Every structure is written in structure tokens, then in C-alpha cells.
Amino acid sequence: MSAEEEACIVAASYQSFGSKTVVELWLRAREGHSTLLLVHGLRPFLEIAVRGSSTDLPDDIDERLEKVRNVKDVTLIHDPVDKWTDKGTKPHWKVEVRQPYNVPKIRETLRGYDWKVSSADIIFPQRLLLELDLGPHIAWKGELLPSDGDAIQDAGGRGLYPTNRVARCNIEDLRSIDAFAAPLITFSFDLETSIESGHILCAAAVIQQNGKSETHTFRGDERKMLEDLTRLVRDSDPDIITGYNIDNFDLPKIKERMEELEDGNDKLSRAILAGWGRVPVTEEACKGGRRGAPIIPNRQQNRKWTLTGRCVMDAWWEARMTLRPKRETLKFVSELLFPDREELRKMDVDSSRMDEEWAARPDVVLEYCAQDALLPIEILDAISATARKEALAAVGKVPLETAIIGTTSQWVDSLVIRLADRENIAVPMTRRGGKSDAITGGYVHEVKGGREEWIAILDFKSMYPSIMISNNICYTTRVDNDYTSTEVHQSPSGTKFLKKEIREGLVPRLLEDLMGQRDHHKAMMKGATDDSKRLFHDQMQFAVKILMNTFYGVFASAFYRFTHQDIGSAITAWARSNIKKIISDLEEEGHPVVYSDTDSIFVSSPEEGKEALVNFGHELANRFTKEGAELEFEKGLSVFFSHGAKKRYVGRVVWPEEDLLIRGYEVRRTDSFDLLNKTMMGTFERILDGDEEGAYQHVISLIRSVKAGEADVADLILSRSCKGKVLKDGTVDFSVYSNPDGLPYVQAAKKRIARGLPFTPGMKVSYIVTAAKGVDGRQTVEPWLVAETGDAPPVPDWSFYAERLARAMGRITEVYGWSKKDLLLGSRQQTFDFF
DNA sequence: CCAATCGCCTAT
DNA sequence: TAAGATAGGCGATTGG
């Protein structure tokens with residue numbers, strides 16, 4: 001039966017089919033159902049060219065090609081096509097191979113035969129998107145297949161997929177469509193486990209689509225729970241699997257218990273217990289799927305979890321990246337996001353005494369578990385995590401999965417390679433190994449300690465992308481230093497790039513296109529009549545911004561396929577040169593530059609008052625903007641303060657909106673403590689208002705009360721990320737650190753673990769310093785467990801906190817002659833200058 | 001008391 | 001192996 005559909009590509013893989021290869025696309029259709037689409041007609045290949053820079057073909061070219069033809073699993077050699085390489089334009093032969101997994105071996109064989117190999121490390125399913133210029137949102141027409149494993153295998157599939165539909169089509173039947181928000185299904189789950197035995201006590205799952213959700217709970221026999229949970233995953237067929245800290249806890253636990261409970265004689269028992277992958281239950285899939293399509297959740301050495309056909313998105317990680325919370329427990333994040341929704345936190349269970357809790361009140365524990373399965377869904381919704389990933393996928397033209405777990409170089413590859421292919425640019429391999437020297441980065445201007453009034457902040461709009469566009473910077477336009485011509489842009493670092501009249505770079509074109517897209521979405525946002533449209537375009541324009549900013553990083557990296565060591569240096573050299581020129585021009589004109597960092601300049605206004613400041617800011621922006629380097633008047637400050645350290649300042653914004661601007665200081669940092677933050681905020685307010693006397697008196701009185709032990713201990717919590725590796729037996733290995741015992745937060749983590757609480761590698765650990773110098777001469781700390789176990793707060797080392805307050809605040813008040821020591825003593829010491 | 005080092009976190 | 005970049009501040013420990 002023929003069918004047509006519009007859908008979003010959630011994930012992609014491939015399947016060998018006799019001598020052919022079929023791409024598998026897991027789709028979520030606009031109407032809401034899931035489809036597994038088998039796409040026929042794409043052939044795996046790599047490309048070869050003669051080594052070196054000579055354009056003449058060697059005499060024995062026919063014999064050499066014949067030798068390639070005879071390599072095992074090579075199926076066809078196409079006629080040569082001239083392609084650009086950094087060694088000149090040369091004929092390239094497209095070499096088709098039997099299956100994508102043959103490529104690595106054939107690549108090495110052909111290298112051994114002295115060929116230059118290109119386009120030889122591109123993930124096969126991604127090739128489909130590159131060749132057809134598809135993004136994740138597609139329309140296809142093809143044939144629906146009956147729910148019959150044999151019929152599906154005859155069409156090139158693996159068997160009965162757990163999707164609503166299975167269909168087949170040819171590559172000609174796919175086309176790109178405008179991005180839309182697909183009705184993705186999210187599956188969130190949570191496990192409660194025994195501390196004593198490590199067994200799963202109960203589980204809960206919440207399934208959500210189109211804002212509607214349903215909850216399921218599981219208790220009883222552990223094997224049955226795993227089976228039921230797995231059945232629910234397969235029946236509800238979610239696109240996204242989430243939960244709080246599932247990467248480090250729940251998914252490893254599922255796998256661990258599955259391995260313990262599997263029946264070695266029954267090859268399919270692994271799939272029955274943990275077959276969450278979107279593939280049929282087969283013995284091969286249970287073995288791990290030789291073709292990289294296992295049915296069991298899979299994690300390679302320290303990397304993200306993968307699950308064939310679905311996306312794993314940890315709500316903890318997304319919340320951490322988006323919100324940067326000072327603490328990272330589920331409870332803390334939930335209070336941060338939903339302060340008024342007490343119903344989300346009504347259940348409370350002491351997880352350090354889970355066995356007793358489970359014995360005493362299993363119903364409560366189960367309800368608590370269900371609550372913790374719902375919260376990740378609420379969190380992802382609150383931060384629009386899924387929509388943002390889908391927008392990023394649309395802009396980067398990658399499957400949703402690549403937007404979620406992929407790397408920035410994969411996004412850039414997706415755009416650059418498809419353009420390179422169209423323009424006959426050979427695609428080099430990813431450079432591997434060998435670290436190169438770090439390049440010089442942005443320029444940061446010295447800042448004097450003190451207070452300044454009426455400051456205009458100007459900055460370059462999209463500085464690095466603009467530099468890349470205006471100087472036509474690209475892998476394909478860089479020429480060697482001995483290239484003498486006026487038709488080049490030469491960076492202050494010496495590197496030369498051809499002008500676009502000679503050869504237009506791929507990257508500048510892509511960046512210009514992205515800038516255009518951003519303008520488009522911004523315009524659509526403005527014109528949108530309903531909220532969901534406006535939100536959609538906001539997410540799209542933001543995704544474009546993210547992607548544009550990743551270009552510089554990728555091209556400045558040592559390993560990216562389309563870059564060269566000199567490219568990153570050239571970009572930053574131009575940036576430094578631009579900004580320094582403006583600084584010196586301004587200084588020469590008599591306009592003092594108070595501060596500058598990379599692409600921003602803080603200039604002192606010649607006249608007092610907001611109106612004069614705004615005019616001055618606009619005037620400077622106009623005057624210093626030139627082709628390819630647009631300077632914008634970003635903010636006007638009535639007052640600016642720094643204690644004299646780069647990247648640390650505070651200011652009162654009066655234009656365009658009234659606001660307080662703080663950068664770098666402890667109040668911005670997640671490893672500071674609330675009492676310091678409050679003190680510093682109070683001090684900043686006073687300093688900005690010109691009340692210096694009030695500023696240090698305020699600090700002195702606070703320090704005095706801390707010395708006397710008069711502060712809320714909850715305001716003294718310190719929090720830092722802690723690494724570590726959870727071993728098979730449940731112990732944690734901290735040997736990633738050269739001296740783990742010398743780190744306070746490792747001590748806090750160890751004490752958490754000893755107390756029976758979970759430790760999750762990479763998560764922040766909260767603690768109180770109880771002795772600045774303990775028995776071993778090092779700091780003694782106690783973990784903060786009040787919220788989790790109801791433990792009483794630890795007794796702080798008050799003099800330590802007084803000291804730290806004085807040190808941090810002293811740096812600031814020092815500007816006015818009040819040192820750390822003075823703050824601690826409460827009065828200014830007489831200073832004698834004898835000489 | 002110091003400089004060197006490790007480690008985290010931030011600015012851009 | 002897998003991989004966006006560098007500049008910079010600061011806290012704690014270590015070793016003299």
C-alpha cells in the first residue's frame with residue numbers, strides 16, 4: 001500500500017541487505033505516529049586520488065586502478081572527477097564498496113597502495129542527508145509494509161520493529177521540508193534501589209506526548225519489573241528516553257541487573273529484560289548488534305549512552321547546562337524551577353535509608369518514585385530542551401539524535417561536507433592524534449581598580465564569523481605564505497587567504513547563509529501572531545546563533561578535517577588587531593578605554609548624563625563600524641566598578657534597559673556560598689551608589705557576626721563538581737585526580753558515599769567547612785545532607801568563613817584602603833611609612 | 001611565607 | 001581513543 005508522510009528523523013542507522021545497503025530512518029510523523037522507513041538506493045563509497053601535488057597521472061594509472069578493482073569488497077570504480085585538494089586540483093575516483101563497514105579496512109588497504117584517500121570516514125546514514133541535502137524534517141512517499149517480520153526482512157529491514165508503521169522507499173522519494181515541531185514522545189523513568197543488595201525495589205515511568213502524560217508504576221519481582229518496563233518502552237515507542245541522572249545511575253543499573261538476571265541459555269532474555277532499542281527482538285541484536293545497532297542501551301568508554309533508534313537525554317545534564325544551578329539534586333532544581341508547585345515535592349523519602357523506608361512504607365516510596373519520574377518531564381518542558389534540540393537539528397541538518405548527543409564538529413561537518421560535495425572539494429579525513437601548540441586567543445585589556453562613571457560598552461557583532469566572512473577565511477582559500485598576489489587578504493599573523501573574486505570559500509558562504517537565516521527567524525518572530533510560532537522562531541534563531549558560534553571553535557581546533565593550524569591563529573590575530581586599533585584610536589582622541597575583552601570596549605563618556613552617554617555610544621558605533629566589522633553600542637553604564645582584575649566587573653546599566661551587570665565575581669559562580677554572595681551584592685550596591693563608607697561598614701558588621709557564629713549555616717554551603725569512576729563493585733575510584741585526598745570536595749564525596757548516599761560522577765557535591773586546618777593539616781569538610789536525609793547541619797568553622805569573606809571582600813574594599821586584615825579586625829590599621 | 005601546581009569555573 | 005577555542009581568576013595543597 002502506498003503512503004506519504006511528513007516527519008522528523010529521530011535517529012538513523014543502516015542494515016546490509018544482500019549486496020545492497022538500506023538506510024533505516026526512525027521517524028516521528030507530523031500526525032503523531034512513529035515510522036521506521038527503509039530507504040533503498042544509497043551506496044557506500046570512498047574516494048581516491050594520486051598522492052602528491054603533481055597534476056599529471058602516472059603512467060601506470062590503469063594498472064593501479066585495476067589493483068583497486070581487485071581489492072576485496074570493492075564493487076565499482078566510477079569515472080574520475082576533478083576535485084580541489086590542498087595539494088591542487090586532481091582527478092578523484094569514487095570507489096564503491098559492498099557495505100559501509102568495509103570502508104575502514106579498504107581505506108587502509110588503498111593507503112598501502114599509495115592512494116590519497118578522501119570522503120572515507122563519513123557515517124553512512126548521514127551520507128543520505130548530505131547527498132539529498134536533507135535536514136531532519138522530511139517528506140517521503142513509498143510503500144507501507146504489513147506487520148509481518150518476513151515481509152519487512154524482504155524489504156531490507158531487520159524484522160518486526162516496535163514502531164507504529166514500517167515502510168520502504170527509494171532515495172528519490174525523499175525531500176526536505178520546512179522545520180516544524182514534531183509531536184515527539186518522551187519516556188521518563190526512575191528506579192529505587194536497595195542499598196544493601198543493589199536490587200531494584202520499584203520503578204516508575206511517565207510517558208508524554210503533546211503535553212499529555214500518563215504514569216506507570218512497577219513493584220514486586222525484579223525480573224518481572226524489568227520485563228514490564230521493557231514492554232512499556234516497546235509499546236509506548238518513545239523517541240526520547242529521559243530521567244534525572246539516568247546516564248550515571250538508572251541506565252547503568254538497568255544494564256547491571258539485566259546482566260545479573262539474564263538466562264544464559266535463552267539468547268533473547270537480554271532483550272526481554274532491557275531491550276529498549278527500536279529494533280526487533282533478535283539474537284543478533286542481543287549480542288550487541290555487530291553493525292552497531294544493539295537493542296540494549298550501550299555506552300562506550302565514558303561516552304554518552306546510545307539506544308538504537310531513540311535518543312537518550314539526561315534531564316540532569318540539560319538542567320545543568322541551561323540553568324547552571326548552584327546545587328544539582330533533583331529537589332534543588334525542582335525548587336528552583338517550580339517554587340510554587342509544592343505538589344511536585346509532596347513525597348519525601350530518605351534515600352540513604354531506602355531499605356528501611358521500603359520495608360516500612362512501600363506505597364510512599366512508590367509514589368515518591370513516580371514523582372521523580374514526572375519531574376524530568378516537567379524540567380525538560382520548562383527549559384524547552386527538546387524543542388531547542390529539534391531546532392538545532394533543523395539548522396545543522398542532522399537527525400535529532402546528533403543534535404542531542406553529537407559533537408560540534410559533527411554539526412559543522414553536516415553543513416560543510418554537503419557544500420564541498422556539490423562544489424567538487426575533496427573531503428579530507430579527520431586529523432587524528434598529535435597535539436599541536438595552543439594558538440593565541442583574544443585580547444584582554446588591563447582594568448584599573450576603582451569606580452568610573454558614564455561608560456559606553458561597544459562590541460563587535462558576531463566578531464569571529466564576521467572576520468571569517470570579510471576575509472574569505474576557509475580551508476579552501478588559504479594559500480601558502482610565498483604566494484605573492486594582491487588578490488589576497490593577509491592576516492596580521494601572516495596567513496593569506498584568496499579574495500572571494502578568485503575563489504569563494506565554503507565557510508564564509510555558510511556563515512552568510514546562517515546570518516540570513518537568523519534575520520529571517522527574527523523577522524518571523526516579530527511578525528508572529530501566536531505564541532507557539534513566536535517561540536518556534538525564537539528557538540530557531542537561537543539555534544542559528546549557537547551554530548554560527550561553533551564554527552570558530554571547530555576551525556581553531558587541532559583535529560578538524562577542514563582546517564589548518566594557521567586558520568585559528570589568523571582569525572584571532574585579526575580580532576586582536578581590530579580591537580587594539582580602536583582602543584588606540586580612542587585613546588588618541590582622548591576617550592579613555594576602561595576595559596576591553598576580545599570583542600568589547602568600555603569607553604568613558606566625555607560628558608555626564610544618560611543622554612550624552614547614549615549619543616556618544618551611538619556616535620562611536622557609527623564612526624568605527626566598517627565593512628565586515630560592525631561595532632554596536634550595546635549598553636550604557638551610569639557607573640562601573642572593578643577591583644582591578646580582568647574578567648571581573650560590575651556596573652549599573654541605564655541603557656537600553658535599567659539593569660545590574662555583573663561578570664566574573666563570586667556572585668556569578670556556582671562554587672561560592674550564599675552569605676558571600678549577599679554580602680558582595682550589598683557592597684556593590686553601596687559602591688555603585690558612591691557610599692564607600694557604608695560599603696565597608698556593611699562588610700565589617702557581617703564579618704563580626706560570622707566570627708560570633710551568627711549566620712544561617714545553609715548560607716555557608718560550598719558546592720563543587722567532583723569527578724570519579726564508579727566501579728563494578730559500587731566503590732568509587734578518584735584516581736582521575738593526581739592527589740584526591742588533597743581536595744575538599746573529594747572528601748565530601750567520600751563522606752556522602754560512606755553515609756549510604758549515591759555519588760554521581762561529575763555532579764556537584766555540597767559541603768560545609770568544619771575545620772580550616774584539620775588533624776591532618778588539611779581542610780576538614782562535612783557533606784550537606786539536610787535536604788536528603790534530614791541530618792542536622794554540620795557545625796561550621798566560623799573563623800574559616802570569616803576569613804574567606806574577608807579575603808573576597810577585602811579584594812574589593814582594598815580599592816578604598818580597607819584590606820582583608822582591616823575587615824577582620826573591624827578597624828583600619830595605622831600604617832607607617834618609615835622610608 | 002613563597003612559588004608551583006592542580007582543579008574548577010567563568011568571560012568571550 | 002575522541003575531540004570547538006583561549007584568557008583569566010582564585011582556592012587549596014604541596015614542598016621548600
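For the numbers below, each heavy atom of this structure counts, side chains included, while hydrogens, waters and symmetry mates do not. Quick caveat: nothing in here was measured; it's all calculated off a predicted structure. The chains referred to below are lettered A, B, ... by the order of the sequence lines, with proteins before strands, and numbering in each begins at 1.
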Fill in: First encountered from the 5' end of DNA chain C, between A/T550 and A/Y443
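The residue whose closest nucleotide sits nearer the 5' end is A/T550.
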
Worksheet item: If each of A/K773 and A/A438 is mapped to the nucleotide of DNA chain C with the nearest heavy atom, which maps nearer the 5' terminus, i.e. the 5' end?
Response: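 Upstream on the strand: A/A438.
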
Mind telling me whether [Y] and [X] have parallel, tilted or perpendicular rings, with 30° and 60° as the class edges?
| X | Y | value |
| --- | --- | --- |
| A/W818 | A/Y696 | parallel |
| A/F633 | A/W655 | parallel |
| A/F551 | A/F555 | parallel |
| A/Y552 | A/Y464 | tilted |

Under 4.0 angstrom between [X] side-chain N/O and [N] OP1 or OP2:
| X | N | value |
| --- | --- | --- |
| A/T598 | C/dA7 | no |
| A/S557 | C/dA5 | no |
| A/R804 | C/dG11 | no |
| A/R431 | C/dA3 | no |
| A/R811 | C/dG9 | no |
| A/N549 | C/dG4 | no |
| A/T572 | C/dA5 | no |
| A/R668 | B/dA11 | yes |
| A/T407 | C/dA2 | no |
| A/Y737 | B/dC8 | yes |
| A/K764 | B/dC8 | no |
| A/R576 | C/dA7 | no |
| A/R778 | C/dT14 | yes |

Practice prompt. Check whether the ring centres of A/Y665 and A/H643 lie less than 6.0 Å apart, and answer yes or no.
Written response: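 Yes, close enough.
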
Practice prompt. For this output row, return yes or no: ring centroids of A/F673 and A/Y801 closer than 6.0 angstrom.
Written response: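 Ring centroids of A/F673 and A/Y801 are less than 6.0 Å from each other.
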
Using the side-chain heavy atoms of [X], tell me which of these nucleotides is nearest: [options].
| X | options | answer |
| --- | --- | --- |
| A/K647 | B/dT12, B/dC9, C/dA12 | B/dT12 |
| A/F559 | C/dA12, C/dG8, C/dA3 | C/dA3 |
| A/E666 | B/dT12, B/dC9, C/dG11 | C/dG11 |
| A/S409 | C/dA7, C/dA12, C/dG4 | C/dG4 |
| A/T440 | C/dG4, C/dA12, C/dA7 | C/dA7 |
| A/A556 | C/dA12, C/dA5, B/dC6 | C/dA5 |

Across the strands shown, which category fits [X] at heavy-atom distances under 4.0 angstrom: base, sugar-phosphate, nothing?
| X | answer |
| --- | --- |
| A/G568 | nothing |
| A/T670 | sugar-phosphate |
| A/G553 | base |
| A/Y745 | sugar-phosphate |
| A/Y665 | nothing |
| A/F460 | nothing |
| A/H643 | sugar-phosphate |
| A/K646 | sugar-phosphate |
| A/D459 | nothing |

Worksheet item: Is it the case that A/R431 and A/T563 place a side-chain donor and acceptor less than 3.5 Å from each other?
Response: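 Absent: no donor and acceptor within the cut-off.
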
Please report the distance, rounded to the nearest Å, between [atom1] in [X] and [atom2] in [N].
| X | N | atom1 | atom2 | answer |
| --- | --- | --- | --- | --- |
| A/D797 | C/dA12 | CG | P | 11 Å |
| A/R669 | C/dG8 | CZ | P | 16 Å |
| A/M680 | C/dG9 | CE | C1' | 12 Å |
| A/M468 | C/dA5 | CE | C1' | 12 Å |
| A/Q410 | C/dA3 | CD | C1' | 10 Å |
| A/W574 | C/dA5 | CH2 | P | 21 Å |
| A/D121 | C/dA3 | CG | P | 13 Å |
| A/K326 | B/dC9 | NZ | C1' | 12 Å |

Worksheet item: Minimum heavy-atom separation for A/G505 to A/T476, with atom names?
Response: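 Looks like CA-OG1, 3.8 Å.
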
Worksheet item: For A/Y552 and C/dA5, is the gap between ring centres under 5.5 Å while the planes differ by less than 30°?
Response: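 Here A/Y552 fails the 5.5 Å or the 30° condition.
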
